[in-house]
Amino acid sequence: MANFWVWASIVGLSMTPNLILGPSAAVAVGIKAQCNPWIMLPVVAVAGYVEGLALAWLAGKSTDIGFIHRWIARMRTPRAVAAANKWGIWGGLTVGCAAVGQEPILVALRWLGVEMRRLWLPLAFSNAVFALLYYAVVQFGLDQVAKL
């Protein structure tokens, strides 16, 4: 049975950026500790969701800093805005998260002016889907998942 430190590790790793393999490492810790996946996967998804909300809030607050605001204004090119409009919030938090993780996508969305209230549901959905995907990849192996 998993103890406090196993669950603390799962939560902490779930809140680590995806590019550092945080959530997949959290799932690996849970599988190794023989945690119930019906409990572990919601914990991974909720911890990633909380981390995403905190990061999105910080990204929005960072626009109040003068040099960051000026840099964002220069980076907000028609091409960047067109890409954001094409993929939208749902596309960014699904396809974009698969490519680079949720953190850079959330920062980009906030810097493009997306309000926090528009991120809540897509972020929750994205974290739930990716928790399942991480579990499948870690449990069955990447080569077996690719054959599905």
Min side-chain heavy-atom separation Asp64-His69 under 4.5 Å: no

Min side-chain heavy-atom separation Arg110-Trp57 under 4.5 Å: no

Ser14 vs Val43, side chain to side chain contact (heavy atoms under 4.5 Å, CB included): CA-CA, chis, key distance, verdict: CA-CA 8 Å; Ser14 298; Val43 167; 5.7 Å; no

Gap between atom CG of Leu58 and atom CG of Leu106 - 0.5 Å precision: 11.0 Å

Polar side-chain atom of Ser126 near backbone of Pro122 as donor-acceptor pair, under 3.5 Å: no

Ile31 versus Met40, closest heavy-atom pair with distance: N-SD, 4.0 Å

Minimal non-hydrogen separation, Gly92 against Ile105, with atom names: O-CG2, 3.3 Å

Closest non-hydrogen atom pair, Ala56 against Met116: CB-SD, 3.6 Å

Val27 side chain near Gln139 side chain, heavy-atom distance below 4.5 Å: no

Phe130 side chain reached by Tyr135 side chain, heavy atoms, under 4.5 Å: no

Validation row, ring centre Trp120 to ring centre Tyr49 under 6.0 Å: no

Test item: Asn127 and Glu51 side chains (from C-beta on) under 4.5 Å apart, heavy atoms: no

Side chain Thr16, main chain Gly12, donor-acceptor under 3.5 Å: yes

Donor-acceptor under 3.5 Å (Trp111 side chain, Thr63 main chain): no

Close side-chain approach of Thr94 and Val129, heavy atoms under 4.5 Å: no

Heavy-atom side-chain contact between Leu121 and Trp90 under 4.5 Å: yes

CD-CG distance between Gln102 and Leu55, expressed to the nearest 0.5 angstrom: 7.5 Å

Within-4.5 Å side-chain heavy-atom neighbours: Val137 and Ser24: no

Gap separating the CH2 atom of Trp5 from the CD1 atom of Ile10, nearest 0.5 angstrom: 14.0 Å

Arg118, CZ atom: more than 12 neighbouring heavy atoms under 6.0 Å: no

Straight-line distance of Cys97 SG to Leu133 CG, nearest 0.5 Å: 11.5 Å

Separation of Leu109 CG from Leu93 CG (nearest 0.5 Å): 5.5 Å

